[in-house]
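Worksheet: the structure to be examined is printed underneath.
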2 protein chains.
Amino acid sequence: MKNNSSFKNKLEESGHSFTSQRAEVYSILCENAPAHLTAEEIFIKLTQRHLKIGLSTVYRTLGIFTNIGITDKVDFDDGMSRYELVENFDGKNHRHHHLICLGCGRVEDALDDLMEDLENDVLEKFSFNIIDHSVKLYGYCAECSMKNKIETGSK
Amino acid sequence: MKNNSSFKNKLEESGHSFTSQRAEVYSILCENAPAHLTAEEIFIKLTQRHLKIGLSTVYRTLGIFTNIGITDKVDFDDGMSRYELVENFDGKNHRHHHLICLGCGRVEDALDDLMEDLENDVLEKFSFNIIDHSVKLYGYCAECSMKNKIETGSK
DNA sequence: CTAACTGCAAACATTTTGCACAACT
DNA sequence: AGTTGTGCAAAATGTTTGCAGTTAG
């Protein structure tokens, strides 16, 4: 919706055609950002909108999007992959952490500050050159922490 | 093999029986530590050893092990879950990072120093209480970095 | 017009489940 | 004896693929 032309460019410069299905999947991702949608959720949102699309096309499209850096494929251990728009996919890829609440299951995003220290450390100790990272932090969000405190008598 | 009795304790104090199948799965995990084995790999190693066990028992066993903190379930985005022994599962759970080489696919383990800063930061900014984390760092190991340099003319 | 893309259905791979039998306690 | 665990086969789940028809360039 917003930078639709740079989306189209990204597709074409990587040798893929710009099709209505791909535009539709992209617009669902834009409208729901920064949500982490599964292929099926996207498929359902599209059919609810009376757009006829095959689930396999959604999968294929998300595969392409992830390959060319339009989306990130993320996994929250619930048995299915989720896809989120890469912010500013023209510029540098700035992946973020996911804060996964063990209480309510909600997922928040946090910027990946402080990772540089860790990456330098790993480079030094392991001679391992980091290109990308995936950080999942499990715990309790503010709301669920509060709830726990009340239930357990602020233990 | 090594702390077999504390393994048995852990099982029993969590209300599970100590069975030969569970001991066998545990010993495979010990012998192959710190590898990250899939359910099927464990199943194959056991049948090669002429031990008769069902694949579903392996899955059920690994599920229990993970629930009671004997193993960690980890996922390297290749479509199947892997399981690794939690070191010193009597004491504190000290999860480590995984360095996943994009060149050769090898996975190294790195201790999770420096995560405390990050966790404190997240607690401050998001009021999110971290219980556990999963950190995957993608990049190139020393060997593959070297190979890349030679191939591309030390660019 | 040709190559790339789509939709459907069937295939796949991993994991889970129902059930009869076996093993613990 | 009664609960818990096991093995098999079948089901379930998420994802991929083959193919005939459609669309893009």
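In the text below, chain A, chain B and the rest are named by the order of the sequence lines, each starting its count at 1.
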- Taking for each residue the nucleotide of DNA chain C bearing the nearest heavy atom, is the 5' side occupied by A/Ile64 or by A/Lys52? A/Ile64
Got a list of protein N/O to nucleotides 20-25 of chain C N/O distances below 3.5 Å?
none

Please list, pair by pair, any protein nitrogen or oxygen found under 3.5 Å from a nitrogen or oxygen in nucleotides 16-23 of chain D.
none

- Task: Could you tell me the separation between the CD1 atom of B/Ile53 and the P atom of D/dG5, rounded to a whole number of Å?
- Result: 14 Å
- Item | Chi angles and distances behind the side chain to side chain donor-acceptor pair (under 3.5 Å) call for B/His36, B/Asp72 | CA-CA 9 Å; B/His36 320 91; B/Asp72 269 337; over 6 Å; no
- What is the distance, rounded to the nearest whole Å, between atom CE of B/Met80 and atom C1' of D/dT13? 17 Å
- Query: Once you round it to whole Å, what is the distance between C1' of C/dT6 and CG of A/Leu62?
  - Reply: 15 Å
- Task: Heavy atoms only: give me the nearest A/Ser17-A/Leu11 pair and the separation to one decimal.
- Result: O-CD1, 3.7 Å
- Of the listed nucleotides C/dC8, C/dT6, D/dT6, the one nearest the side chain of A/Arg22: C/dT6
- Task: Look at A/Lys73 together with B/Asp77 and state whether they make a salt bridge at an N to O cut-off of under 4.0 Å.
- Result: no
- Message: What is the separation between atom CG on A/Asp78 and atom P on D/dA12, rounded to the nearest whole Å?
- Response: 20 Å
- Any chance CD of B/Glu143 has more than 12 other-residue heavy atoms, nucleotides or ligands included, within less than 6.0 Å? no
- Query: Is there a donor-acceptor pair closer than 3.5 Å between any side-chain N or O of B/Thr71 and the backbone N or O of B/Thr66?
  - Reply: yes
- Item | Spacing between A/Phe65 atom CZ and C/dC5 atom C1', to the nearest angstrom | 13 Å
- Heavy-atom pair of closest approach, residues A/Tyr140 and A/Cys101: CA-SG, 3.9 Å
- Query: Can you tell me if the side-chain N/O atoms of A/Ser81 get under 4.0 Å from OP1 or OP2 in D/dT15?
  - Reply: yes
- Mind calculating the distance between NE2 (A/His16) and C1' (C/dT6) to the nearest angstrom? 14 Å
- Of all of residues 33-40 of chain A, which get a heavy atom below 4.0 angstrom from DNA chain D, listed by number? none
- Task: Could you check how far CG of B/Leu51 sits from P of D/dT6, rounded to whole Å?
- Result: 14 Å
- Query: Would you call the rings of B/Phe18 and B/Phe7 parallel, tilted or perpendicular if under 30° counts as parallel and over 60° as perpendicular?
  - Reply: perpendicular
- In this structure, are over 12 heavy atoms from other groups packed under 6.0 Å from B/Met146 atom CE? no
- Query: What is the distance from atom CD of B/Glu41 to atom CZ of B/Arg82, rounded to the nearest 0.5 Å?
  - Reply: 5.0 Å
- CD/A/Glu24 to NZ/A/Lys52 distance, rounded to the nearest 0.5 angstrom? 11.5 Å
- Message: Between the side chains of A/Glu108 and B/Lys125, is the shortest nitrogen-to-carboxylate-oxygen separation below 4.0 Å, so that they form an ion pair?
- Response: no
- Query: Rounded to the Å, how far apart are A/Arg82 CZ and D/dT15 C1'?
  - Reply: 15 Å
